[in-house]
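The structure appears below as structure tokens.
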Amino acid sequence: MSDADTAADEGGDGDDPRDCLPADVDAVRDALVSWYEDDHRSFPWRETTDAYEILVSEVMSQQTQLGRVETAWDEFLNRWPTVHDLAAAERGDVVGFWTGHSLGYNNRARYLHEAAQQVVSEYDGAFPEDPDELEELMGVGPYTANAVASFAFNNGNAVVDTNVKRVLYRAFDVPDDDEAFEVVAGALMPAGESRVWNNAMMELGGVACEKVPSCDEAGCPWREWCHAYETGDFTAPDVPTQPSFEGSRRQMRGRVVKALSNHDALALDDLGPKVRVDYTPDGENGREWLRGLVADLADDGLAELGDRDGETVARLR
DNA sequence: TTCCCGTAAT
DNA sequence: ATTACGGGAA
């Protein structure tokens, strides 16, 4: 077959990333679904199809190890059982819960709170089922939108997170390119089966094709097709390195929120020592530095600066 | 010390 | 396109 024929068959560009997939795609699909259905980890959010409960689990899971999410998820839903309850909550209580359970990025607590208010005000409390509509919710991007659409409504597209990328990169030599991952993941997913499929793909990345893979131990269902298993090269796509956390502004922000979550309001000079042991009001990282930190948190909608008896106080908002 | 990781903001 | 964003666990 000539290059011209190939290009014509593919609609013109001649390098369709779907060419990465093996010819017997149906066998590949069946192997994964059977493997997943035969045995998989049990998580409480896999027992529900409630979109609100699933959204909470997804937002928590994005930043926290699954083992610790279970307790937080349970307590969160116990405190705010429905999207209406969360929408009506005080934001400071939601942020306080978040930091109190070490759930990471406090911004996500605010996003979740705002998303709940959107669902109530724009959809009368009934989540939309379409990924494109879900993506309009605050804090919900392509991954979360498709996860919720899949697990709540069996109505999503293929999710593409770092686990999925690693699997596709290794198994089928998909180039480390977001568009390619998107196209191949979509072509691989059996139509109308997003719930089981996306669960299965993420299970594969979580228990078989981890950073250090355990192909045989986990009984990976794709060994007969997997390029990495064949060559022994289990390189994974590069993940960007992040600046160190110790001593960072992010760490200081976290300490501010943590401290404020235990008080109604705190004067800056009372807050300071809880943020850094070397706090002195007029020092380099003193009152003005702290005021700037809280002002940034205020810009993020997480805290606010106020006045009490003529002195500046900070509180959660 | 390094790893993890999707979204919003710029 | 790049950067900010948390904090436990490995």
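Just so we're on the same page: letters track the sequence lines, and every chain starts at 1.
Under 4.0 angstrom from either OP1 or OP2 of B/dC5 there lies at least one side-chain N or O belonging to A/Thr162. Between A/Lys211 and the phosphate of B/dC3, there is no side-chain N or O to OP1/OP2 separation shorter than 4.0 Å.
Residues A/Glu114 and A/Arg110 are paired through a salt bridge, judged by an N-O separation under 4.0 Å between the basic side chain and the carboxylate. The residues A/Arg249 and A/Asp296 are annotated as salt-bridged, a charged nitrogen and a carboxylate oxygen being separated by less than 4.0 angstrom. Electrostatic pairing of A/Arg46 and A/Glu203 counts as a salt bridge here, judged by a charged N lying under 4.0 Å from a carboxylate O. For the pair A/Lys165 and A/Asp176, the salt-bridge criterion is not met [side-chain N within less than 4.0 Å of a carboxylate O]. By the 4.0 Å N-to-carboxylate-O rule, A/Asp269 lies close enough to A/Arg287 to be salt-bridged with it.
Here chain A contacts DNA chain C (any atom closer than 4.0 Å to a heavy atom, that is under 4.0 Å), and the contacts span C/dC5 to C/dA9 from 5' to 3'.
Judged by a 6.0 Å distance limit and a 45° cone about the ring axis, A/Arg276 is positioned over the six-membered ring of A/Trp289.
Summary of the strand contacts: A/Arg110 and A/Tyr105 both lie near DNA chain B, and taking for each the nucleotide with the nearest heavy atom, the more 5' one is attributed to A/Tyr105.
At a non-hydrogen distance threshold of 4.0 Å, A/Phe245, A/Arg250, A/Arg253, A/Gly254 from residues 244-264 of chain A come into contact with DNA chain C.
Proximity of a side-chain donor or acceptor of A/Asp300 to a complementary backbone N or O of A/Leu302 within less than 3.5 Å is not detected.
Under the 30°/60° scheme for interplanar angles, the aromatic rings of A/Phe127 and A/Tyr52 are found to be tilted.
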